[in-house]
Chemist: 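The structure is given below, and queries will be raised subsequently.
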Amino acid sequence: MLPEVNIQQPISKSVSTKLAEQEYNRINELVADGLFLNSADFVREAIREKLKTYDEVVILREIPYMQMKQEIIEYVKKNPEVDAVDIADDLLLDAFEVNDILVELIKEGIFGEV
């Protein structure tokens, strides 16, 4: 006689939501194209992807003010069509500090409006 094995299923919960007709139709198109098994598969995948973005920890660099200012100047010279958030993200700097430095650089006449 074989021993009994107790396999526990993972606990799952349900979430429901209402969608705009356009979103609903687009999901069904993706399912029909074979990209997802069904609409629930799409929703699970979308939720997992969204949750991953919150799991990524970003550690901002703490560097001296003058170094930060110089890096921002160099970055904007190479990327003139950019905003404070993009600079902060790419250089791993605090967005508020980047914005303050950009305002200062504009007042100093180093840059025009960014």
Side-chain angles (χ1 to χ4, degrees):
M1 179 176 217
L2 295 174
E4 286 188 31
V5 177
N6 185 9
I7 300 175
Q8 293 184 339
Q9 293 291 336
I11 297 172
S12 61
K13 302 287 183 177
S14 294
V15 175
S16 70
T17 186
K18 291 188 178 208
L19 299 172
E21 184 175 4
Q22 181 179 356
E23 295 166 332
Y24 178 83
N25 291 338
R26 183 66 178 123
I27 291 169
N28 286 328
E29 288 172 12
L30 295 172
V31 170
D33 289 344
L35 296 172
F36 299 94
L37 298 174
N38 51 42
S39 59
D41 184 43
F42 172 87
V43 171
R44 274 191 299 275
E45 182 65 27
I47 290 170
R48 288 176 183 145
E49 286 298 314
K50 188 66 172 177
L51 289 173
K52 280 183 195 175
T53 65
Y54 291 103
D55 292 338
E56 297 173 5
V57 176
V58 176
I59 300 187
L60 299 179
R61 297 184 307 140
E62 293 184 27
I63 59 176
Y65 177 81
M66 291 307 292
Q67 180 182 346
M68 190 182 311
K69 189 172 179 178
Q70 188 59 42
E71 285 186 23
I72 291 169
I73 291 170
E74 291 171 17
Y75 185 91
V76 173
K77 284 181 180 178
K78 291 177 186 173
N79 306 282
E81 299 294 321
V82 72
D83 63 26
V85 173
D86 293 331
I87 297 168
D89 287 348
D90 291 346
L91 298 179
L92 298 175
L93 299 171
D94 179 86
F96 293 107
E97 290 181 284
V98 169
N99 189 64
D100 291 345
I101 290 173
L102 287 173
V103 169
E104 181 180 322
L105 292 169
I106 292 167
K107 286 179 182 176
E108 292 173 1
I110 295 172
F111 293 128
E113 289 290 326
V114 179

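For the single chain, residues carry numbers from 1 onward in sequence order. Predicted model only: the values in this text are computed from it and were never measured.
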Chemist: What is the minimum heavy-atom distance between Glu71 and Ile63, and which atoms define it?
Modeler: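 So the minimum-distance heavy-atom pair works out to OE2-CD1, 3.8 Å.
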Chemist: So how far is it from Ile72 CD1 to Gln67 CD, rounded to the nearest 0.5 Å?
Modeler: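 If we round to the nearest 0.5 Å, Ile72:CD1 and Gln67:CD are 10.5 Å apart.
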Chemist: Can we say Arg26 and Glu29 salt-bridge, meaning some charged N sits less than 4.0 Å from an Asp/Glu carboxylate O?
Modeler: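 Looking at Glu29 together with Arg26, the answer is yes, because their closest N to O distance falls below 4.0 Å.
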Chemist: Going through the checks in order, is the side-chain contact (heavy atoms from CB on, under 4.5 Å) test met by Lys77 and Ile73?
Modeler: CA-CA 6 Å; Lys77 284 181 180 178; Ile73 291 170; 3.7 Å; yes
Chemist: List the atom of Ala95, the atom of Ala88, and the distance in Å for their closest heavy-atom pair.
Modeler: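 Smallest interatomic distance, heavy atoms only, reads CA-CB, 3.6 Å.
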Chemist: Atom CD of residue position Glu108 - does it have more than 12 heavy atoms of other residues, nucleotides or ligands inside 6.0 Å?
Modeler: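 Count over threshold, so yes.
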Chemist: Quick one: closest heavy-atom pair of Met68 and Leu93, and the distance?
Modeler: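 What the structure gives for the nearest pair is CG-CD1, 3.6 Å.
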Chemist: Leu19 and Ile27: side-chain contact (heavy atoms from CB on, under 4.5 Å), yes or no, with the steps?
Modeler: CA-CA 10 Å; Leu19 299 172; Ile27 291 169; 3.7 Å; yes
Chemist: Where do Phe96 and Asp94 come nearest, in terms of heavy atoms and distance?
Modeler: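 Distance-wise, the nearest heavy atoms are N-OD2, 2.9 Å.
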Chemist: How far does CG of Leu92 sit from CD1 of Ile87, to the nearest 0.5 angstrom?
Modeler: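 Separation between the atoms: 13.0 Å.
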Chemist: I need the minimum non-hydrogen distance between Val82 and Asp86, along with the two atoms involved.
Modeler: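 Minimum heavy-atom separation between Val82 and Asp86: CG2-CB, 3.4 Å.
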Chemist: Got a second to check how far Leu30's CG is from Asn25's CG, nearest 0.5 Å?
Modeler: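 The distance works out to 11.0 Å.
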Chemist: Do any N or O atoms from the side chain of Asp33 and from the backbone of Leu35 form a donor-acceptor pair under 3.5 angstrom?
Modeler: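 Not confirmed, Asp33 side chain does not pair with Leu35 backbone.
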Chemist: Hydrophobic clusters here meaning ILVMFWY residues chained together by side-chain heavy-atom distances under 4.5 Å, can you tell me if Val103 and Leu91 are in one?
Modeler: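 No, separate clusters.
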Chemist: Around Glu62, counting heavy atoms of other residues, nucleotides and ligands shown, do more than 12 lie under 6.0 Å from its CD?
Modeler: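 12 or below, so no.
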Chemist: Mind checking whether Phe111 and Met66 sit in one hydrophobic cluster, side chains of I, L, V, M, F, W, Y counted as touching below 4.5 Å?
Modeler: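 Looking at the clustering, Met66 is in the same group as Phe111.
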Chemist: Same cluster or not: Leu102 versus Ile110, using hydrophobic residues (I, L, V, M, F, W, Y) connected whenever any side-chain heavy atoms lie under 4.5 Å apart?
Modeler: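 Leu102 and Ile110: one cluster.
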Chemist: Hey, is Lys52 close enough to Glu49 for a salt bridge, meaning N to O under 4.0 Å?
Modeler: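 Looking at Glu49 together with Lys52, the answer is yes, because their closest N to O distance falls below 4.0 Å.
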Chemist: Going by heavy atoms in the side chains, are Val98 and Ile101 under 4.5 Å from each other?
Modeler: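 They are not in contact (no side-chain heavy atoms under 4.5 Å apart), so the answer is no.
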Chemist: Should we count OH of Tyr65 as having more than 12 external heavy atoms under 6.0 Å?
Modeler: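 Yes, enclosed.
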Chemist: Taking all heavy atoms of Ser39 and all of Val31, pick out the closest pair and write down the distance.
Modeler: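 Shortest heavy-atom contact: N-CG2, 3.7 Å.
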